[in-house]
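Worksheet: one structure, shown below.
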Amino acid sequence: MTRLLIFWTQPRHLSTDEADAWVRGELQKVTELDGIERAELTRLRSGSERFGAPHDWMLELHLVPGSAPADCVEARPCAEWLGDLRLLGMSPAVVVADGEDDG
């Protein structure tokens with residue numbers, strides 16, 4: 001199963017509760033895309049004080065078999081949401097986890 005993992009940082013101008021409410025409201029449009037089977041939103045924290053966590057949030061999108069990750073990322077709701085994260089200084093990062101060996 002192919003998964004899209006989207007990571008981002010906590011915005012400085014919002015509390016954790018405010019950021020959580022905003023993200024959940026915005027993500028409703030993203031998670032309703034045709035190629036998404038299910039979504040999991042997770043708040044991240046560092047596993048050790050010695051090693052900081054580069055991101056504060058993770059969205060895991062489980063794609064319907066045969067769906068292309070780029071189609072999801074480039075779909076208007078997702079592309080606009082990622083653009084908003086970038087504009088708000090939340091440093092979004094998108095990666096694909098599919099278990100396939102490309103090398």
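This chain uses plain numbering: 1 for the first residue, then up along the sequence.
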- Item | Nearest non-hydrogen partners of P92 and L82, listed with the distance | CG-O, 3.7 Å
- Decide side-chain contact (heavy atoms from CB on, under 4.5 Å) for L85 and W57; before the verdict, give the C-alpha distance in whole Å, the side-chain angles of both, and the deciding distance to 0.1 Å. CA-CA 12 Å; L85 291 177; W57 299 87; over 6 Å; no
- Message: With a 4.5 Å cut-off on side-chain heavy atoms, are V96 and T2 touching?
- Response: yes
- Passes side-chain contact (heavy atoms from CB on, under 4.5 Å), H62 versus E40? Steps please. CA-CA 8 Å; H62 296 254; E40 296 177 32; 3.5 Å; yes
- So CG of L61 and CG of L27: to nearest 0.5 Å the spacing works out to 8.0 Å
- Give a yes or no on whether the backbone of Q10 and the side-chain of D56 come within a donor-acceptor separation of less than 3.5 Å. yes
- Residues E32 and K29 bridged, charged N to O under 4.0 Å: no
- Answer yes if V94 and M58 sit in the same cluster of Ile, Leu, Val, Met, Phe, Trp and Tyr residues linked by side chain heavy atoms under 4.5 Å apart, and no otherwise. no
- Query: For F51, does its backbone N or O pair with a side-chain atom of S46 as donor and acceptor, under 3.5 Å?
  - Reply: yes
- May I ask whether V95 and L44 are part of the same hydrophobic cluster, defined by side-chain heavy atoms of I, L, V, M, F, W, Y residues being less than 4.5 angstrom apart, directly or through others? yes
- Those residues at least two apart in sequence (or on a different chain) that pass side-chain hydrogen bond (donor to acceptor under 3.5 Å, both in side chains) with R24 are D20
- Message: Before you tell me yes or no, could you show the steps for W81 and I6 under side-chain contact (heavy atoms from CB on, under 4.5 Å), namely the whole-Å CA-CA distance, both residues' side-chain angles and the distance that decides it to 0.1 Å?
- Response: CA-CA 11 Å; W81 176 67; I6 303 173; 3.9 Å; yes
- Query: How are the rings of F7 and H55 set to each other: parallel, tilted or perpendicular (split at 30° and 60°)?
  - Reply: tilted
- Query: So how far is it from M90 CE to D84 CG, rounded to the nearest 0.5 Å?
  - Reply: 9.5 Å
- What is the minimum heavy-atom distance between E74 and A79, and which atoms define it? O-CB, 4.0 Å
- Please report the closest heavy-atom contact between C78 and L33, naming both atoms and the distance. CB-CD1, 4.3 Å
- Query: T31 and A39: which non-hydrogen atoms are nearest, and at how many Å?
  - Reply: CG2-CB, 3.4 Å
- Heavy-atom closest pair, residues S91 and T9: N-OG1, 4.1 Å
- Does the side chain of L88 come within less than 4.5 Å of W22's, by heavy atoms? yes
- Step by step, would you call C72 with I36 a side-chain contact (heavy atoms from CB on, under 4.5 Å)? CA-CA 8 Å; C72 178; I36 297 175; 3.8 Å; yes
- Using the rule that two of Ile, Leu, Val, Met, Phe, Trp, Tyr join whenever any of their side-chain heavy atoms come within less than 4.5 Å, decide whether L41 and L14 are in one cluster. no
